[in-house]
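Some notes on the structure that comes next.
Just so it is clear: chains get the letters A, B, ... in the order the sequence lines come, proteins before strands, and each one is counted from 1.
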Amino acid sequence: MEKNLDEKLNFVIDILGDKYPAPETELNHDSPFELLVATILSAQTTDVQVNKVTEELFKEYDSPDDFARLSPNELADKIKSIGLYRNKSKFIVESSRIILADFDGQVPRNFSDLLKLPGVGRKTASVVLVGAFSTPAFPVDTHVFRVSNRLGLASSDRVEEVEEQLKDLIPEELWADMHHWLIFHGREVCKARSPKCEICRLKNYCNYYQKKGG
DNA sequence: AACTCGGGGCA
DNA sequence: TGCCCAGAGTT
């Protein structure tokens with residue numbers, strides 16, 4: 001028997017009141033620009049790796065000006081320890097140049113301008129808005145997408161729709177906590193490949209677990 | 001809608 | 001050691 005949405009949501013919110021381990025899911029940064037770079041670097045890779053590379057990078061460079069002067073190849077050499085480094089180097093150098101040319105050297109503070117930067121899609125833009133400018137947004141990455149769908153907090157194969165459903169369902173003051181929890185839960189428990197349903201506190205509320213025959 | 005970029009983690 | 005994982009751009 002499927003529980004209703006409010007009941008599920010309230011149960012998750014109860015859990016948020018408890019202590020749950022804070023994993024390395026945060027991108028460290030000292031400036032909006034550093035967060036932007038870290039977030040572009042983070043596509044398809046883990047935050048732990050990205051934090052290491054970003055920290056090294058920003059010992060040597062820190063402004064859009066510094067990065068705009070680099071050649072993509074030069075930058076690529078410095079970020080080889082993470083994947084997709086040629087693309088990411090081009091994105092970062094080009095984004096830096098656009099920031100200088102079109103945005104007065106400042107990282108844009110709104111969604112549509114952020115999307116004009118190469119390497120910045122809806123997930124990256126949302127992460128920057130929340131992390132650098134405390135603007136309410138709900139970055140839907142694969143963890144948020146998978147967990148929300150499995151649990152039944154959302155139901156769609158389109159990220160945009162999942163984002164809308166979650167924002168409708170969850171009170172705005174809880175967006176940050178819920179987002180953090182969904183990512184934590186997706187990484188540690190509700191994993192893509194072999195989810196640890198047996199230790200999941202939400203299994204009795206979970207569509208995926210019910211369907212599995214748990 | 002499918003393909004590409006790429007290294008790190010884990011079976 | 002080969003398969004799986006994590007976004008954005010291009011064709």
task: Could you grab the distance from atom NZ of Lys116(A) to atom CG of Asn110(A), nearest 0.5 Å is fine?
output: 7.5 Å

message: By the 4.0 Å heavy-atom rule, please label Ser42(A) as base, sugar-phosphate, or nothing.
response: nothing

message: Between C1' on dC4(C) and CZ on Arg187(A), what's the gap in Å once rounded to a whole number?
response: 15 Å

query: Using the benzene-type ring in the case of Trp, are the ring centres of His185(A) and Trp181(A) under 6.0 Å apart?
result: yes

- line: In whole angstroms, the gap separating P of dC5(C) from CZ of Phe145(A) amounts to 14 Å

- prompt: Apart from Val189(A) itself, what residues make up its hydrophobic cluster when side-chain heavy atoms of I, L, V, M, F, W and Y under 4.5 Å apart count as a link, directly or indirectly?
  reply: Ile199(A)

statement: Atom CG of Leu27(A) and atom P of dG7(C) are separated, to the nearest Å, by 11 Å

message: Enumerate the ring-ring contact (aromatic ring centres under 6.0 Å, His included) contacts for residues 70-103 of chain A, please, sequence neighbours excluded, ordered by first and then second residue.
response: none

message: Does Lys191(A) reach a base, just sugar-phosphate, or nothing at all? Heavy atoms under 4.0 Å.
response: nothing

query: Can you give the first and last nucleotides of DNA chain B, 5' to 3', that have an atom under 4.0 Å from a heavy atom of chain A?
result: dC5(B) to dG8(B)

Got a list of side-chain donor-acceptor pairs under 3.5 Å for residues 164-174 of chain A, not counting sequence neighbours?
residue, atom, partner, partner atom, Å
Gln165(A), OE1, Ser155(A), N, 2.7
Gln165(A), NE2, Ser155(A), O, 3.4
Lys167(A), NZ, Glu163(A), OE2, 3.0

- prompt: When rounded to the nearest Å, what value does the distance between P atoms of dG6(B) and dT1(C) take?
  reply: 24 Å

message: Could you check whether Phe33(A) and Tyr61(A) have their ring centres less than 6.0 Å apart?
response: no

- line: Across all chains, not counting sequence neighbours, the ring-ring contact (aromatic ring centres under 6.0 Å, His included) partners of Phe145(A) are none

Anything under 3.5 Å between a protein N or O and an N or O of nucleotides 8-11 of chain C, put it in a table, one pair a line.
residue, atom, partner, partner atom, Å
dA8(C), OP1, Gly121(A), N, 3.3
dA8(C), OP1, Thr124(A), N, 2.8
dA8(C), OP1, Thr124(A), OG1, 2.4
dG9(C), OP1, Gly119(A), N, 2.8

query: Any chance NZ of Lys196(A) has more than 12 other-residue heavy atoms, nucleotides or ligands included, within less than 6.0 Å?
result: no

- request: Please check the phosphate of dG7(C) (OP1 and OP2 only) for any side-chain N or O of Thr142(A) closer than 4.0 Å.
  value: yes

